[in-house]
Structure formats: C-alpha cells, structure tokens
Amino acid sequence: MSEMMTINFEIPEWIMEGLNSGQYERIGGVIVEDGTKQVVHWLKDSANFQVGNLPVTFPSLGKITLLAAAFVYFHSNFKQIRENLKEINNKLDAQNFSKLASGFKLAEEAEQIKDKHIAKQQMLHARHLLEEGKNIFLSLFESKKEKEKKNELLSYQFYKLSITCELAIIKTYIWNEELDIAKARLLQLKNINLNASIYYIEKYLKSKASNQYKLILLRGLNPFNTFLGLFSHLIKKWDLNEVNLLKKIEQMRNENIKLQSQFKLLINDPRFKYYLLTDASQAIITFNDYLDGYTIEVEHLITEIV
C-alpha cells in the first residue's frame, strides 16, 4: 500500500483563480488568504474524486482535514497498522494492542452517544487508554532503537501508529472543546514531525555524501539516532493554567519556526531529491503541511467561540 495518494478535489472557480493569482494558498486541507491566513474554503470528501479540478497529494498519516476525521477513521487506521505490524513482526504480543483497541473503540462509540455526560465520561476514559497504549509502543520502539537501521519498515509503522494515537487524542480535546490544549498538542506534534523530516533528509544526504565530503549536519545529531524518542517529550501534564498553556503554545511556535528554517535549508540542498525518497520519507515530510492545516482549523474554531 502506497503511503502517498493523489485525489482530485472539486473547488469553486473563484477559489481556483485565487490560488493561481496568489491571493489564496492551500495549507493542508484548508485554503486561506495569503498573509492573514483566514480560512476561505475547506477541501471536502466527495463521492467522485475523478472530476475534481484541484489535484492534491497527501500522506496516509492523516485525513485531509482534522475536523473531518471521525473516530471511526482513527479506529480503522489503527486496525490496518496493527495488521502491518503483525506482518513485519509476528512476535508482537496481542496484549500490546489491547489498550489501544479499547481506546479507539470507546472513542468511536462515545461520538455516537446522545447523553453528553455519559459520552464525556467515556471519551475521557478512551483518551486515558490511548495515552497508555501509545506509551507502551513508544517503549517498545525505544528498546529497538539501536537496531533501527535494520528495522526501517517496523520503525515507520510504529511512527505511524504513534501519529494516529496522538491525532485521536487531540481529537478528544477538540470534541470536549478544550481547544487550546488541542492546539498545543498539534504544535508539539509538528515539532516531532519536523524532527522526523530532518532525520530522513539528513540520512538521505549522508548516503549521497562522497568519501571526500563529510556532511556537516545542521544540528549536532547522529542522523541514525531514533527520532521517535521525541514522543517521550510530549507534555506530561495538561492541567496547566491558561497563562502557562498560552506561554507553552508560544514557546512551541517559536521552536517550530527555528526547526522550519533548518528544514528549508536541507530541502534546498542541491543534492536533495524528494522523488528519490521512500514513500515513508515522503509521507512524513509532506505531513508537515497538513499539521499546519490542522492547527489553522483549531485556531478557526477558537475564533468562532470567542
């Protein structure tokens, strides 16, 4: 199964004209005004993607827009990744998946419950199980990090699973209208994905470096160190007061700006060829744009509430 897919979305002609003129830009699954980043259009699922006038390539790491991703989508993604992992390594214990399976199932069911109090309690329980299950798989990956070069297929599926879990957890915060926390976790996920992107690009560039030329990495990191260890730095306590949470959001935004600069320097390296990367590498790099789109979606919700 390819990690990248192209779909033709149908958009109004005036939106297309704005994209062509530079008045609008597409960021992930949202189209915004250039400069203000005000949302003017959302890309939406359609019964027929063959007739659309806007071809969009996006990775299987997420949905085209976060708000359109129901918990049934995350549950389905989890099931597919679980099968992929079993095919790669059939020694994985089924118990390792149990908390995640329960968490996704509970969240999917909670989304359909009409009694808001019962639904909220079940959604919070689902979030707790997803957090616990995600940590189990992060520990499993950490135990294999020294052999990461020999387990690239396995490591990517662990990464994909971690992304799916984190997006589902973020969606529970959106569902419960805890939008600032959702925004903070999206910014932190963007930080992780930028680091993963830089990891893969540095790895590719090092493979192209001649014996006479030693690649000087922008950061003093060994490119073969695992990037998934970054997930362990996700904020542990989300009961921050509003002032501290807003400070954390600003801090993460500034960190991401610096990482984004490093990322752009690497992709502008004349030796870098995007089309020569593996599907997995392309998916992770392309996903940065969609994470920006997800953040814009949450910011749009925040302004609507205010």
Side-chain angles (χ1 to χ4, degrees), residues 2-7 19 24-32 34 37 39 42-43 55-69 77 155-171 182-205 217-219 221 223 226-231 233-234 249 251-269 272-300:
S2 174
E3 296 299 329
M4 300 292 290
M5 60 197 81
T6 299
I7 288 180
L19 287 171
Y24 303 140
E25 65 172 317
R26 181 181 65 82
I27 300 178
V30 295
I31 295 174
V32 299
D34 183 44
K37 299 298 184 284
V39 177
W42 310 76
L43 298 184
V56 174
T57 300
F58 66 98
S60 64
L61 287 167
K63 197 81 168 170
I64 193 77
T65 60
L66 184 58
L67 298 185
N77 244 18
S155 67
Y156 175 70
Q157 291 300 324
F158 274 120
Y159 185 76
K160 191 173 181 179
L161 180 59
S162 299
I163 291 286
T164 299
C165 293
E166 185 61 26
L167 288 177
I169 291 166
I170 289 169
K171 194 65 190 278
K183 179 179 176 180
R185 291 191 76 137
L186 277 170
L187 288 170
Q188 199 155 41
L189 189 55
K190 173 67 183 293
N191 185 285
I192 290 167
N193 203 73
L194 276 171
N195 273 287
S197 301
I198 291 171
Y199 160 87
Y200 274 117
I201 297 171
E202 287 177 341
K203 183 176 178 180
Y204 169 83
L205 291 176
L217 301 180
L218 292 176
R219 304 167 301 152
L221 296 177
T226 177
F227 52 80
L228 277 188
L230 292 163
F231 269 104
H233 299 303
L234 281 168
I249 287 173
Q251 176 190 339
M252 287 187 289
R253 192 184 295 279
N254 290 334
E255 288 178 4
N256 286 353
I257 289 172
K258 293 177 182 178
L259 274 177
Q260 190 74 32
S261 297
Q262 295 178 355
F263 172 71
K264 286 182 178 178
L265 282 174
L266 282 172
I267 62 176
N268 289 328
D269 187 299
F272 176 67
K273 300 291 186 292
Y274 174 83
Y275 63 89
L276 293 179
L277 297 176
T278 63
D279 265 9
S281 301
Q282 290 182 14
I284 290 173
I285 290 170
T286 305
F287 194 49
N288 288 305
D289 194 45
Y290 289 88
L291 286 169
D292 287 339
Y294 295 168
T295 304
I296 290 173
E297 291 179 67
V298 173
E299 289 173 340
H300 181 77

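Numbers here simply count residues along the sequence, with the first being 1. Worth saying up front: this structure is predicted, and the values here are computed from it rather than measured.
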Residue pair Leu167 / Leu66: nearest heavy atoms and the distance that separates them: CD2-CD1, 4.4 Å
Least distance between heavy atoms, Tyr156 atom then Ser60 atom: OH-OG, 4.4 Å
Sub-4.5 Å side-chain heavy-atom contact between Ile7 and Leu43: no
Tyr204 and Phe272 aromatic ring geometry - parallel, tilted or perpendicular at 30°/60° bounds: perpendicular
Glu297 (side chain) donor-acceptor with Leu67 (main chain) under 3.5 angstrom: yes
Ile285 CD1 to Ile198 CD1 distance, which is reported to the nearest 0.5 Å: 10.0 Å
Value rounded to 0.5 Å, distance of CD1 in Ile267 from CD1 in Ile201: 6.5 Å
Ile192 backbone acceptor or donor facing Asn195 side chain under 3.5 Å: no
Nearest heavy atoms of Pro59 and Ala283, plus distance in Å: CB-O, 3.5 Å
Separation between CG of Leu61 and CD of Glu3, rounded to the nearest 0.5 Å: 7.0 Å
Student check: side-chain heavy atoms of Met252 and Lys190 closer than 4.5 Å: no
Value rounded to 0.5 Å, distance of NZ in Lys273 from CG in Leu205: 9.5 Å
Test log, rule side chain to side chain contact (heavy atoms under 4.5 Å, CB included), inputs Gln262 and Lys258: CA-CA 7 Å; Gln262 295 178 355; Lys258 293 177 182 178; 5.5 Å; no
Test item: Asp289 side-chain N/O and Gly28 main-chain N/O as donor-acceptor pair under 3.5 Å: yes
Euclidean distance, Tyr290 OH relative to Thr65 OG1, rounded to 0.5 Å: 10.5 Å
Donor-acceptor pair, side chain of Asn256 and main chain of Leu187, under 3.5 angstrom: yes
Side-chain (Tyr294) to main-chain (Lys63) donor-acceptor, under 3.5 angstrom: yes
Straight-line distance of Cys165 SG to Ile170 CD1, nearest 0.5 Å: 11.5 Å
All side-chain contact (heavy atoms from CB on, under 4.5 Å) counterparts of Glu299, not counting sequence neighbours: Lys183, Arg253, Thr295, Ile296
Under 3.5 Å donor-acceptor, Asn193 side chain and Leu189 backbone: no
